[in-house]
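Atoms considered below: every heavy atom in the structure, side chains included; atoms not considered: hydrogens, waters and symmetry mates.
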Amino acid sequence: MVAAAIRVEATTAPTAGSALHVQDVSHQFKLHGEPLAVLERVNLQVAAGEFVAVLGPSGCGKSTLLRLVAGLEPPSAGRLFIDGELIAGPHPSRVVVFQDPTLYPWRTVWRNVALGPEAQGNLQAKRGRVAEALKLVGLTGFENAYPHQLSGGMAQRVALARALVNDPQLLILDEPLGKLDSLTRIAMQSELVSLWQNAGFTVLLVTHDVEEALFLAQRVIVFSDRPARLKTEIVNALPYPRHRGDPRLAELRHAVLAQLGLDATW
Amino acid sequence: MIAQLIRAAAPKPRGAVVALAANDEMQLITIAPAAARARGVPRLVRRASGPLLLLLLWHVLSVTGLLPDTVLAGPATVLSSTAELLASGELQAAIWTSLYRALTGLLIGGSVGVALATISGLFRLGEDLVDAVMQMLRTVPSIALIPLLIIWFGIGEAPKIALIALATAFPLYINVYAGIRNVDVTLVEAGRTLGLSQAGLIRHVVLPGALPNALVGLRYSLAVAWLALVFGEQINATAGIGYLMSNAREFFQTQVIVVCLVVYALLGITVDLIVRVLERTLLSWRPAFSGT
């Protein structure tokens, strides 16, 4: 008798990512009772699988846009769509990596990464993914360490693994490398690119580092001073892997700095 | 290669060092600071010598008659008195009665304090309703309520337990409330983006975040529980350590009073020790300053 062998292959085929549509979004805060306009009629389309960076002067409202995309706040006016559906609140398919690792100090590295699946109630099925995500960010062997035992770069890798384990369709990066030392930052920039290329999710990155935006993204959106408006966008069609010394990157950098009114520093 | 980059650039946290093994893998090695290691005479011996000298002085003053028994009985008398009280079973019975009062009061007061703190910590409506009242009431010294408690509950067990419950509710309330309100908002937001529900946020983020403060509150509550116990047991007690003491006062048995004082102290130390162990196990994730 021949036993029929049924094999279920793990289907972790790269997904194409989500498309984002920001439609006429304005947002304001209340500061001492006075309304403070942060975003003004922002329109933005991000295609599925695209890597887009948002660049702008400090405090211009870039991070606010990310918070709206993440669903942490509703916009004052306008609408945001993900794959044609209105964004109504946070969802693990649109997970955020913040500037600070925001790890839970009472959870080990493993349990920090596992929190997403635990919240979804499918931790048992996703145990393998947790290990995989930790391996992806190079932290195998640190499962039982507590956040206070990690360096800044390692903690940020844990935060990245914690996001990746949810199989995000849109990865929202809010200056995730902003507080790292420059060597770690360079290493992690290259890792981000290869993660994005392998997993195929959409990336929306906020940064104030012109070089980082150009090195990573296919398209760089430049915001004006507050209230943030879309100023220009620069399409960077250079193929990956890119090289920091590429003279074409330097040219683009010059152009972006000019847009930010900083070309006197060139 | 990447590992080497991190090693070169990362700040080294105290007590833990990232080391690069021969096979190019990172490892965590915990290194105890030199100050934590013993030097010369063992620490325990050094610390014990002070109290022992004091005990010796007390004994010398007693046997030479400089300190009469009617003022303060000497250590030898106290020891024999302890043996007598233990042999008759009086001391054990008194300890159990007092311990029962303290723990029952703490359980009632602590539960109320934690419950109210959770309500006003988690919900703004709860805060508006509960917090102002609690902040107002906590300024009243609970000992001052004894006359009222006697009128309400008589002179049995009830006013004693009520006094302890009242006294212990506030430290736990204040600390748990502060703990909940001090939870880092970015941790809550990160939890929301990871898909945690409201209940999940409370369970996985808010309550663990409030735990260190809650344990501080527990220690305070225990301290005031003993204080309230001592006062409460002055209310017409017919059992317990306080009863033993007031009886001894009637007969000028200073040795029994000393025994009772020591028992109060030992109970306090024991319970404090339990909380310390609790802290060490529940808060093992915290980087603690170990002293220099």
Could you pull out all donor-acceptor pairs under 3.5 Å where a side-chain atom in residues 163-170 of chain B meets a protein atom, sequence neighbours excluded?
{"residue": "B:Thr168", "atom": "OG1", "partner": "B:Ile164", "partner atom": "O", "Å": "2.9"}
{"residue": "B:Thr168", "atom": "OG1", "partner": "B:Ala165", "partner atom": "O", "Å": "3.2"}

Item to complete: Could you go through the side-chain hydrogen bond (donor to acceptor under 3.5 Å, both in side chains) check for A:Tyr240 and A:Ser194 one step at a time?
Response: CA-CA 9 Å; A:Tyr240 298 91; A:Ser194 60; over 6 Å; no
Worksheet item: Of all residues at least two apart in sequence or in a different chain, which pass the side chain to side chain donor-acceptor pair (under 3.5 Å) check with A:Asn144?
Response: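 None.
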Worksheet item: Got a second to check how far A:Glu212's CD is from A:Ile186's CD1, nearest 0.5 Å?
Response: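 Answer rounded to 0.5 Å: 10.5 Å.
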Discussion item. Distance check, rounded to the nearest 0.5 Å: A:Thr207 atom OG1 versus A:Gln99 atom CD?
Written reply: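 It comes to 9.5 Å.
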Worksheet item: Residue by residue, which of residues 174-189 of chain B have a heavy atom closer than 4.5 Å to a heavy atom belonging to chain A?
Response: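 Interface residues of residues 174-189 of chain B: B:Thr186, B:Leu187, B:Glu189.
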Determine all donor-acceptor pairs shorter than 3.5 Å in which one atom belongs to a side chain in residues 193-208 of chain B; sequence neighbours excluded.
{"residue": "B:Thr193", "atom": "OG1", "partner": "B:Ala190", "partner atom": "O", "Å": "2.9"}
{"residue": "B:Ser197", "atom": "OG", "partner": "B:Gly200", "partner atom": "N", "Å": "3.1"}
{"residue": "B:His204", "atom": "ND1", "partner": "A:Arg107", "partner atom": "NH2", "Å": "3.1"}

Item to complete: Evaluate the ring planes of A:Phe81 and A:His21, with Trp represented by its six-membered ring, and classify them as parallel (under 30°), tilted (30 to 60°) or perpendicular (over 60°).
Response: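 Ring orientation of A:Phe81 relative to A:His21: tilted.
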Worksheet entry | Which portion of A:Arg162 sits near chain B, non-hydrogen atoms under 4.5 angstrom |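 It is both, since atoms from each part get that close.
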Practice prompt. Below 4.5 Å from any heavy atom of chain B, which atoms of A:Leu103 appear? Answer side chain, backbone, both or neither.
Written response: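 The backbone, not the side chain.
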Worksheet item: So which of A:Thr102, A:Leu180, A:Asn166, A:Thr108 has the largest heavy-atom pair count under 4.5 angstrom toward chain B?
Response: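 Between A:Thr102, A:Leu180, A:Asn166, A:Thr108, the count favours A:Thr102.
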